[in-house]
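Report on the structure given below.
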Amino acid sequence: MDYIIETVNLTKEFRLFKRREGLWGAVLDLFQRDYRILRAVDNLNLQVKRGEIIGFIGANGAGKSTTIKMLTGVLVPSSGRLLVNGFTPYQERERYVRQIGVVFGQRSQLWWDLAVIESLRLLGQLYRVPDSLLEKRIADFADRLSLSSFLHTPVRKLSLGQRMRSELAAALIHRPPLIFLDEPTIGLDVVAKNEIRRFLQEVNREDGTTIFLTTHDLGDIEALCQRVVIIDQGRKIYDGNLDNLRQQFGRERQLRIELEQPVAPIVWQEICGHLPVRWQAQDEGRIWNGSFVEQEVTTAAILQPILNRLPVLDIKIEETPIEEIVADIYRQGGLAL
Ligand SMILES: Nc1ncnc2c1ncn2[C@@H]1O[C@H](COP(=O)(O)OP(=O)(O)OP(=O)(O)O)[C@@H](O)[C@H]1O
């Protein structure tokens, strides 16, 4: 299998200086320093196929940035191996960075005082994109990311949404096979988020670009990712698709059935009392709200006897929002893999 990212037991430890308390402690610190080791990434095994969009998520401090920094060659691992697009990132940084694109939501790769178009041209030259291709690419991005109205505006004057779109163009100007995106939609409104998500889908579909995405916005994950990896305290606790995540960790689902006429509880019990569903009547039995666990009973099995016997006006089924599932996993430490 051709993996674009492959890590084997990737580990990063930081040595943290332990301060002693009080004045005497400070004096002792001068002579003998005490350290503790913090393992930010702990034996991470990860394989990403070419063309995948992978969501890499975890609570604050889980080790996401440290992992991305190792994958992009900024940090040297303490142990383990990693190979990204055939490179060991920290060893061959200069050649390696030509193969990747990076957008860190909080930090800019654009020149603050230059117009967007000048920044893009400069980056194109740094990446040695031939001139004619570069102009074509800028025009293409200007069109697809709606950059035209501010191409000649200095970066410092852009709104956050405009800057993020420009950052994406900058990260992709050399058509890298792989991009790392860290919180690409942070602070943006719904329209701007959707625009960025649509663009990323296009880039992935048309150019086969692999996308490694870190975000706290699970809307990004739902819109983009076939696969999610969750880490907690540096360890991988989930690796799979969103549907499986829902199935494994999903809590109760809610069902709301609206009938044409009220139905007495005793009749309701007779029709569907045999099913593992907790029911609550509303509007004197005209509306029935049920809670059930997907692993125990299917929605079809619940609905069938009701639809056979009663005139139903409306049915609503609510899934547990992915945000809640992930919050639960963070709290419980998830499934150790
Ligand atoms: N340079 C460093 N020196 C010491 N400890 C560090 C360093 N960088 C990160 N850490 C620690 O490593 C752990 C993982 O941090 P990291 O920034 O990778 O988490 P994260 O998942 O990206 O969090 P967030 O979502 O808050 O950005 C944290 O406990 C953090 O305090």
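First listed ligand is number 1; within each ligand, the first listed atom is number 1. Just so it is clear, the model here is predicted, and its values are computed rather than measured.
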For atom 23 (O) of ligand 1, the protein heavy atom that lies nearest, with its residue and separation: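 I find the closest protein heavy atom is Gly61 N, 2.7 Å.
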Top protein contact for atom 16 (P) of ligand 1, by heavy-atom distance: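 Going atom by atom, the protein heavy atom closest to atom 16 (P) of ligand 1 ends up being Thr66 OG1, 3.6 Å.
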Check each atom of ligand 1 against the heavy atoms of [X] and keep those under 4.0 Å away; list them by number with element.
{"X": "Ser65", "value": "17 (O), 18 (O), 20 (P), 22 (O), 27 (O)"}
{"X": "Asn60", "value": "23 (O), 24 (P), 25 (O), 26 (O)"}
{"X": "Leu38", "value": "11 (C), 12 (O), 13 (C), 29 (O)"}
{"X": "Ala40", "value": "12 (O), 13 (C), 14 (C)"}
{"X": "Ala62", "value": "19 (O), 20 (P), 21 (O)"}

Can a non-hydrogen atom of [X] be found less than 4.0 Å from any atom of ligand 1?
{"X": "His216", "value": "yes"}
{"X": "Ala59", "value": "yes"}
{"X": "Gly58", "value": "no"}

Residue pair Val84 / Tyr96, side-chain heavy-atom distance below 4.5 Å: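 Yes, their side chains come closer than 4.5 Å.
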Less than 4.5 Å apart, any side-chain heavy atom of Met70 and any of Pro77?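 With C-beta onward as the side chain, the pair touches.
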Hey, is ligand 1 close enough to [X] that some N/O pair sits below 3.5 Å?
{"X": "Lys64", "result": "yes"}
{"X": "Leu16", "result": "no"}
{"X": "Phe14", "result": "no"}

Checking side-chain polar atoms at under 3.5 Å, does [X] have a donor or acceptor matched by the opposite partner on [Y]?
{"X": "Asp220", "Y": "Thr185", "result": "yes"}
{"X": "Gln280", "Y": "Asn289", "result": "no"}
{"X": "Glu183", "Y": "Thr214", "result": "no"}
{"X": "Glu52", "Y": "Gln226", "result": "no"}

Check this for me: does any side-chain nitrogen of one of Lys236 and Asp239 sit under 4.0 Å from a carboxylate oxygen of the other?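 Salt bridge flag = yes for Asp239 with Lys236.
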For ligand 1, is any non-hydrogen atom under 4.0 Å from Thr67's backbone (N, CA, C, O), its side chain (CB onward), both, or neither?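 Under 4.0 Å from ligand 1, Thr67 contributes no heavy atoms.
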Can you confirm whether some protein heavy atom lies under 4.0 Å from atom 30 (C) of ligand 1, or whether none does?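 Within 4.0 Å of atom 30 (C) of ligand 1, no protein heavy atoms are found.
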Side chain to side chain contact (heavy atoms under 4.5 Å, CB included) partner of Glu118, the single match among Leu120, Leu114, Leu122, Val116: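 For Glu118, the side chain to side chain contact (heavy atoms under 4.5 Å, CB included) check succeeds only for Leu114.
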Hey, mind stepping through Ser291 and Gln254 against side-chain hydrogen bond (donor to acceptor under 3.5 Å, both in side chains) and telling me if it holds? CA-CA 5 Å; Ser291 307; Gln254 314 297 328; 3.0 Å; yes
According to a hydrophobic-cluster definition based on side-chain heavy atoms being under 4.5 Å apart (Ile, Leu, Val, Met, Phe, Trp, Tyr only), do Val74 and Leu126 belong together?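 No, separate clusters.
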